[in-house]
Structures are given as structure tokens and as C-alpha cells.
Amino acid sequence: MIDKTPFGKHLLLLFCLFWTVACTDNKSEPVEKPNSIEKKTGLLLLSHGSHSETWRNTLFELENNVSQRILERGDIAGLKTAFMEYHEPSIATRLKEFDKEGYSDVIIVPVLLTVSSHSFDDIPTIVGLKENPESVELLRLENIERYTPKANVHITPLLDFGKILESNVLRRTKALSKQPEEEGLVLIGYGSEPYETEWRDLFRSTAEHVARETGIGEHSIGWCGHIVRYTPDSTTTAIERILEKKKTAIVIPSLIAFDENFQIRIIGGGIEKIGNEKDRVLYKPDAILPDPDVEQWVIDISKEYAATISNQ
């Protein structure tokens, strides 16, 4: 029996109103799940590290030179620089910052020339993507902090995956060259013992590119890092191999940035052992950076990875 009193009529009206709202809600768009995470992607430019302030400042300059062009795209919200060892900010320090700032993903761009134990083992171990016992112990002995971030980590390929070194060395060689037919090219790199073959292949293809473009057909390779225990002897030997065939040796340091210890003390010291070196050796103590092609590489590869992350 229907209650026809004023009170009953009010109840009936409220019931009809509730039913209308409920039906309308059932047809509305689904509400976003509270557990869903909004993407916020950061970019970490990572390099080896150095005691040299000049070296470190060059890497900070790289960050400054690409920052605006990367951030204005809108797919990356923040950009930082970190050093693997020797100096802060470390990888762990930067990843903690990204976590504190609420990033869901971090793209790590290693500004390293070519493959080494750092790229294959140490860096993935530091960020929690790999558990290599040898790397773990080495990092512990060197007091390098490991940190597994809350954010998803994505490590990009290294610098030598493109043709950047070829164009870089070609430009620097042309700047020093005077008589290509009487010159030979000497490439000096840091080197990594387990990956010496890969380093030599990289330098060989670079020298062949220079030869095609300039006619400087002879080349030699030397080392200045721990592969030769930081001595200048390898530089001297590499130059002497060229001077046995050519009148002049052009020496190009194939190092990421300028470090007084390498470009001046080790490479420069190796050149000083050559008799009449001022007449027989052409050398500028420079480095790969600064280079607009490296900047563009950072911009392009960060864009590629940011797009993949946003589509996941």
C-alpha cells in the first residue's frame, strides 16, 4: 500500500532522485584507478669521473648545452649529471634525488667512448640491474655506493654506436694537417684490457675514415690509461711507428674531455721523448668534447627512449 501522506510523498521523491543519479553514474566514464602511476621521466648524463675540475666542468657544460632543447619537448621533466667515481654527484646521489622528486623512470645516457667493464658490469651493478660478484667487490673496495632506485632505469647505448668519433677526429685532424701526403695519424685512447680488441676496431675504422677524407693513409694506436699503467711510453711508441714511414705524426687524444693528467703529463710526456718533436709532431691537447654532434646524439637518444617509455 502506497503512503499518500506528505511524508510518504517526500520519501517517494527522494527514492526517484536517488535512482536517477545511480543510473546516470552507471553510464559515466570509468574513474582512473587510484593505483595508476603518472609517468615522470628524468635524464641522467653519466660519465666516468675525474680528479680534474676542468674535466668535470666540461661534462656540466654538456648538460647545460642540451638542457633547454631536451626539456622544452615536454617528454623529459628533469636532467642531471653524475660521475661514476672520484667525485660527487655520484650515480647513487642523483638517483636518490630522482626518487625524492617523484620520477617514475630515469634514462641513463653513458657519455663513454666505447665498451668496457664500466658499461657492461659496473654501471648496471650500481643501479641494481645486475649482480656481478666481481663488480660488487670492486665497487665496495673503491667506495662506490650502489643504489637501486624506485624509478625504472633505462640505460642507452654508448657513444660509439654512431659515427660521431669519425667526424670528430676528422675535424680535429684537418685543423692540424699541413701536408697530408707526408703525415700519419696517431690515435691515443684510454683503453680497457678486457676490451682492447673492441677499442682497436673502433680506432681502426675511425682512422680509415680519416684516410678516405684526407689521404692520410698511415695510422697508429697508443694508450694512456690503466691498460699501460698510465705511462707515456705507449704514446712514444705509437708516434715512432708513424715516423718510421712518414715525416710528421698528427697526435689526436681520443678522450671524452680534457684532463691535465692525460693530455699534458702522459700524452705530452710521450711526445717530449721524440727527438725534434716540435718539427715532427703536430699535437693539440684537446678532447672529443665540446662537440655539437655529441650534443645532438644526447638529444636524439633521449627522445627515442622517452618515446618508448611513454608508449609502454
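Judged by distance alone, with hydrogens and angles left aside, the side-chain atoms of K246 form a donor-acceptor pair with the main-chain N or O of E181 at under 3.5 Å. R146 places no side-chain N or O within 3.5 Å of a backbone atom of G128 that could act as its donor or acceptor partner. In this structure, the side chain of S234 engages the main chain of W223 through a donor-acceptor pair within 3.5 Å. R94 places a side-chain N or O within 3.5 Å of a backbone atom of T81 that can act as its donor or acceptor partner. With hydrogens and angles ignored, the 3.5 Å screen pairs a side-chain donor or acceptor of R69 with a backbone N or O of N65. Proximity of a side-chain donor or acceptor of N168 to a complementary backbone N or O of I288 within less than 3.5 Å is detected. Side chain of R241 to backbone of I221: a donor-acceptor contact under 3.5 angstrom is found. Side chain of S52 to backbone of D259: no donor-acceptor contact under 3.5 angstrom is found. Between the side chain of D99 and the backbone N or O of K150, at least one donor-acceptor pair lies under 3.5 Å. Side-chain atoms of Y283 do not come within 3.5 Å of backbone N or O of K278 as any donor-acceptor pair.
Comment: R171 does not engage E213 in a salt bridge, judged by the lack of any side-chain N to carboxylate O separation of less than 4.0 angstrom. The pair K247-E183 does not meet the salt-bridge criterion, since no charged nitrogen lies less than 4.0 angstrom from a carboxylate oxygen. In this structure, D105 does not pair ionically with K40, as no charged nitrogen and carboxylate oxygen lie closer than 4.0 Å. Salt bridge status for R204 with D201: present, with a side-chain N to carboxylate O gap under 4.0 Å. Using a 4.0 Å cut-off between charged side-chain N and carboxylate O, R140 and E137 make a salt bridge.
The shortest non-hydrogen separation linking S47 to V111 is CB-O, 4.1 Å. A238 approaches S220 most closely through the heavy-atom pair O-OG, 3.1 Å. Here the closest non-hydrogen pair linking I164 and D291 is CG2-OD2, 4.4 Å. In terms of heavy atoms, T236 sits closest to G270 at OG1-O, 2.8 Å. Contact detail for P232 and G269: the closest heavy-atom pair is CB-C, 3.9 Å. Taking both residues in full, the closest heavy atoms of P110 and P157 are given as CD-O, 4.2 Å, listed atom of the first, atom of the second, then distance.
Both I126 and L112 are assigned to one and the same hydrophobic cluster, defined by single-linkage of ILVMFWY side chains at heavy-atom distances under 4.5 Å. Grouping the Ile, Leu, Val, Met, Phe, Trp and Tyr side chains by contacts below 4.5 angstrom, directly or via other members, places I264 apart from W55. Residues L138 and Y147 are members of separate hydrophobic clusters, defined by side-chain heavy-atom contacts under 4.5 angstrom among Ile, Leu, Val, Met, Phe, Trp and Tyr. Linking Ile, Leu, Val, Met, Phe, Trp and Tyr whenever their side-chain heavy atoms come within less than 4.5 Å puts V66 and I107 in one cluster. The cluster map of Ile, Leu, Val, Met, Phe, Trp and Tyr, joined by side-chain heavy atoms under 4.5 Å apart, puts V136 and I91 in different clusters.
The closest side-chain heavy-atom distance from K273 to D233 is below 4.5 Å. By the 4.5 Å heavy-atom criterion applied to side chains, R172 and L170 are not counted as neighbours. When side chains are defined from C-beta on, E53 does not count as touching H87, because their heavy atoms never get closer than 4.5 Å. Side-chain atoms of T41 and V106, non-hydrogen and from C-beta on, never get closer than 4.5 Å to each other. Contact annotation: the side chain of L165 never approaches that of L159 to less than 4.5 Å [non-hydrogen atoms, C-beta and beyond]. Here the side chains of K96 and E145 are in contact, with some heavy-atom distance below 4.5 Å. With a 4.5 Å cut-off on side-chain heavy atoms, V251 and L282 do not count as touching. Proximity of S302 to R73: side-chain heavy atoms (C-beta onward) are separated by under 4.5 Å at one or more points.
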Please step through salt bridge (charged side-chain N to carboxylate O under 4.0 Å, His left out) for the pair E101 and K80, ending with a clear verdict. CA-CA 12 Å; E101 295 163 13; K80 304 176 188 288; 3.3 Å; yes
K303 vs D75, salt bridge (charged side-chain N to carboxylate O under 4.0 Å, His left out): CA-CA, chis, key distance, verdict: CA-CA 8 Å; K303 181 179 181 180; D75 52 8; over 6 Å; no
Under the criterion side-chain contact (heavy atoms from CB on, under 4.5 Å), I'd like the reasoning laid out for C224 against Y230: C-alpha separation, chi angles, the key distance, then a yes or no. CA-CA 5 Å; C224 63; Y230 305 98; over 6 Å; no
Could you please spell out the steps behind the salt bridge (charged side-chain N to carboxylate O under 4.0 Å, His left out) verdict for R229 and E193? CA-CA 11 Å; R229 305 298 182 265; E193 287 180 283; 3.5 Å; yes
Assess the residue pair T54 and E260 against the criterion (side chain to side chain donor-acceptor pair (under 3.5 Å)); give the C-alpha distance rounded to whole Å, side-chain angles, the decisive distance to 0.1 Å, and a yes or no. CA-CA 8 Å; T54 306; E260 295 82 358; 2.9 Å; yes
Candidate pair Y305 and H154, rule ring-ring contact (aromatic ring centres under 6.0 Å, His included), full reasoning: CA-CA 8 Å; Y305 271 69; H154 315 263; 7.2 Å; no
Assess the residue pair N57 and E61 against the criterion (side chain to side chain donor-acceptor pair (under 3.5 Å)); give the C-alpha distance rounded to whole Å, side-chain angles, the decisive distance to 0.1 Å, and a yes or no. CA-CA 6 Å; N57 286 340; E61 288 171 7; over 6 Å; no
Determine, step by step, whether S192 and I227 satisfy the side-chain contact (heavy atoms from CB on, under 4.5 Å) criterion, reporting the C-alpha distance in whole Å, the side-chain angles of both residues, the deciding distance to 0.1 Å, and the verdict. CA-CA 6 Å; S192 177; I227 195 171; over 6 Å; no
Do L113 and L158 pass the side-chain contact (heavy atoms from CB on, under 4.5 Å) test, and can you show the C-alpha distance, the side-chain angles, and the key distance before you say yes or no? CA-CA 7 Å; L113 184 56; L158 304 179; over 6 Å; no
Step by step, work out the side-chain contact (heavy atoms from CB on, under 4.5 Å) result for D121 and K130. CA-CA 7 Å; D121 295 319; K130 194 172 184 179; 2.6 Å; yes
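Atom-to-atom distance recorded for T214:OG1 and K174:NZ is 7.5 Å, nearest 0.5 angstrom. Here the straight-line distance linking atom CE of M84 with atom CD1 of I123 works out to 6.0 Å at 0.5 Å rounding. Atom OG of residue S50 and atom CG of residue L255 lie 10.5 Å apart, to the nearest 0.5 angstrom. With rounding to the nearest 0.5 angstrom, the CZ atom of F203 is 8.5 Å from the CD1 atom of I188.
Screening L59, L79, I108 against L45 for a side-chain contact (heavy atoms from CB on, under 4.5 Å) leaves a single residue, L79. When each of T235, V186, D286, I266 is tested with P253 by the rule side-chain contact (heavy atoms from CB on, under 4.5 Å), just one qualifies, namely D286.
The distance between the ring centers of Y190 and H226 falls below 6.0 angstrom. For F83 and F60, the ring centers sit closer than 6.0 Å to each other.
Between H51 and Y86, the ring-plane angle classifies as tilted under the 30° and 60° cut-offs.
For the residue pair N261 and R265, a side-chain donor N or O sits within less than 3.5 Å of a side-chain acceptor on the partner. Side-chain contact check for T93 and E88: at least one donor-acceptor pair (N or O, by modelled atom type) lies under 3.5 Å.
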